[in-house]
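Worksheet: one structure, shown below.
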Amino acid sequence: MKLDPETSPEARFGYELRERRKAAGLTLEQLGARVALTGQQIGNIERAERRMNEDRARLCEEVMGLPSGDLVQHLPRRARSNATFRNFLPWIDREKRATELCAYEALIVPGLLQTQEYAEAICLGVPGTTPEQAREKVEARMHRQTILRRDNPPYLYAVLDQAALLRPVGNEEVTRNQLQHLLAMGRSPNIVIQIVPLRAMSASGLVAGFVIARTAGDGDEAAYIDAPGGGRMIDQLDHLERLKAWFQAIRADALPRKDSLTLIEERLDQKWIWS
């Protein structure tokens with residue numbers, strides 16, 4: 001039975017348990033015997049038809065040689081208490097392994113290219129977010145960016161709508177610093193930034209931001225789609241193919257790399273009409 005981990009917290013836990021059990025080379029019966037459950041009960045948990053308590057989840061971690069909390073973090077009640085990161089944790093692993101990333105944003109700069117001050121302004125702007133929660137989100141975002149500075153970094157193809165250059169975030173200084181950073185990153189050999197100009201009058205990009213990750217060698221692909229209250233990761237082939245086609249349609253309306261960087265420079269030279 002193929003389980004969609006995005007349908008519920010229980011499905012996510014069942015999916016994560018199954019993946020770890022298979023990686024450990026254990027059958028349902030073998031894992032069950034080591035944690036005082038039957039193979040059928042383990043199967044029910046993996047199909048999201050039964051719940052596992054925290055003590056037994058920790059025992060599973062010990063049996064399978066997992067780091068403490070590696071499986072427990074996906075327990076449904078814990079996942080519900082932190083919806084923002086519930087579906088993001090599996091994505092971080094995919095993003096780290098990726099050799100190619102394709103990112104699109106319509107109104108803001110993609111997270112992998114944000115400055116800390118810009119990210120702070122965005123996170124603090126989410127209704128109901130406390131300063132502590134915003135700080136954790138910003139720290140996680142800054143940590144994600146280390147993949148672009150490592151040896152043999154992934155290629156990043158980032159497409160932005162021109163509206164992202166026009167929208168002030170935080171204040172003028174924060175936004176100008178962000179555009180300067182975007183310009184510098186766009187000159188990196190492994191980063192291509194393209195802007196969809198307003199004059200293109202394109203409707204293809206009127207969608208939520210998303211990132212597609214691909215790993216060379218095994219061809220593994222996944223995507224993360226942003227949404228209010230927490231996005232979701234997808235790795236189903238049909239969904240991925242539609243999203244890849246969508247990215248290419250948006251990119252077809254974008255300016256070439258050199259012209260895109262020139263557009264960012266022109267925006268920095270413009271007088272700002274807001275304070």
Side-chain angles (χ1 to χ4, degrees), residues 1-24 46-48 66-67 70-71 73-74 76 79 82-106 108-114 137 140-150 152-160 190-194 204-205 207-251:
M1 173 182 172
K2 183 173 177 58
L3 185 67
D4 183 353
E6 308 305 335
T7 55
S8 70
E10 288 79 9
R12 166 57 66 187
F13 183 82
Y15 174 87
E16 298 296 341
L17 177 61
R18 179 179 292 176
E19 290 299 301
R20 286 156 177 75
R21 176 180 60 78
K22 288 182 176 179
E46 291 185 357
R47 291 190 297 273
L66 301 172
D70 183 73
L71 189 58
Q73 67 182 338
H74 297 291
N82 195 350
T84 302
F85 295 106
R86 181 179 69 221
N87 295 329
F88 201 62
L89 290 169
W91 168 253
I92 291 177
D93 179 60
R94 295 294 187 99
E95 194 174 63
K96 285 180 179 178
R97 293 189 287 111
T99 54
E100 179 181 286
L101 297 164
C102 297
Y104 171 73
E105 285 288 355
I108 60 173
V109 172
L112 286 171
L113 297 172
Q114 291 177 7
K137 292 178 184 178
R141 191 164 301 175
M142 295 301 103
H143 182 69
R144 285 175 57 210
Q145 295 179 5
T146 60
I147 65 173
L148 299 177
R149 300 190 294 271
R150 74 190 183 197
N152 194 26
Y155 283 94
L156 171 62
Y157 299 93
V159 178
L160 292 73
N190 63 304
I191 298 175
V192 175
I193 295 175
Q194 292 181 262
S204 300
V207 295
F210 59 86
V211 185
I212 303 169
R214 180 178 180 276
T215 305
D218 61 9
D220 183 48
E221 291 182 316
Y224 188 84
I225 303 175
D226 207 359
R232 65 191 183 96
M233 188 184 83
I234 61 172
D235 55 10
Q236 295 88 354
L237 183 60
D238 55 340
H239 292 172
L240 280 170
E241 290 303 315
R242 285 198 296 269
L243 202 59
K244 285 157 61 178
W246 211 334
F247 180 81
Q248 293 303 331
I250 296 170
R251 191 178 183 186

### Query
Going through the distances and angles, do E100 and I212 end up as a side-chain contact (heavy atoms from CB on, under 4.5 Å)?
CA-CA 8 Å; E100 179 181 286; I212 303 169; over 6 Å; no
### Query
Looking at side-chain heavy atoms only, is the closest gap between I147 and L101 below 4.5 Å?
yes
### Query
Do any N or O atoms from the side chain of N190 and from the backbone of P154 form a donor-acceptor pair under 3.5 angstrom?
yes
### Task
Quick one: sort the F210 and F247 rings into parallel, tilted or perpendicular, breaks at 30° and 60°.
perpendicular
### Task
Evaluate the side-chain proximity of R214 to D220: yes if any heavy-atom separation is below 4.5 Å, no if none is.
no
### Query
Is it true that a side-chain atom of E19 and a backbone atom of E16 form a donor plus acceptor pair closer than 3.5 Å?
no
### Query
Quick one: are I225 and I234 in side-chain contact, heavy atoms under 4.5 Å?
yes
### SG-CD distance between C102 and Q248, expressed to the nearest 0.5 angstrom
7.0 Å
### Query
Yes or no on side-chain contact (heavy atoms from CB on, under 4.5 Å) for Y104 and V211, after CA distance, side-chain angles and deciding distance?
CA-CA 6 Å; Y104 171 73; V211 185; over 6 Å; no
### Task
Grab the two heavy atoms, one from R20 and one from L66, that are nearest each other, plus how far apart they are.
CD-CD1, 3.7 Å
### Message
To check you understand the geometry: which heavy-atom pair defines the closest contact between Y157 and R251, and what is its length?
### Response
CD2-NH2, 3.5 Å
### Query
Looking only at heavy atoms, which two atoms of E10 and P76 are closest? And how far apart?
OE2-CB, 3.8 Å
### Pairwise distance CZ(R144) to CD(Q114) - rounded to 0.5 angstrom
8.5 Å
### Message
I need the minimum non-hydrogen distance between E221 and D235, along with the two atoms involved.
### Response
O-CB, 3.9 Å
### Message
Using a 3.5 Å distance criterion without hydrogens, assess whether the side chain of W246 forms a donor-acceptor pair with backbone atoms of S204.
### Response
yes
### Query
What's the spacing between Q145 CD and L156 CG if we round to 0.5 Å?
10.5 Å
### Query
What distance do R97 atom CZ and I92 atom CD1 have between them, rounded to the nearest 0.5 Å?
13.0 Å
### Message
Any heavy-atom pair between the side chains of V159 and I193 that's under 4.5 Å?
### Response
no
### Message
To the closest 0.5 Å, what do you measure between CG (L17) and CD (E46)?
### Response
4.5 Å
### Close side-chain approach of Q194 to L160, heavy-atom, < 4.5 Å
no
### Message
With heavy-atom distances below 4.5 Å as the criterion, would you say the side chains of R47 and R18 are in contact?
### Response
yes
### Closest heavy-atom pair and its distance - A216, T99
N-OG1, 2.9 Å
### Query
If you take all heavy atoms of W91 and A213, which pair is closest and at what distance?
CH2-CB, 3.4 Å
### Query
Is any side-chain heavy atom of V109 closer than 4.5 Å to a side-chain heavy atom of E105?
no
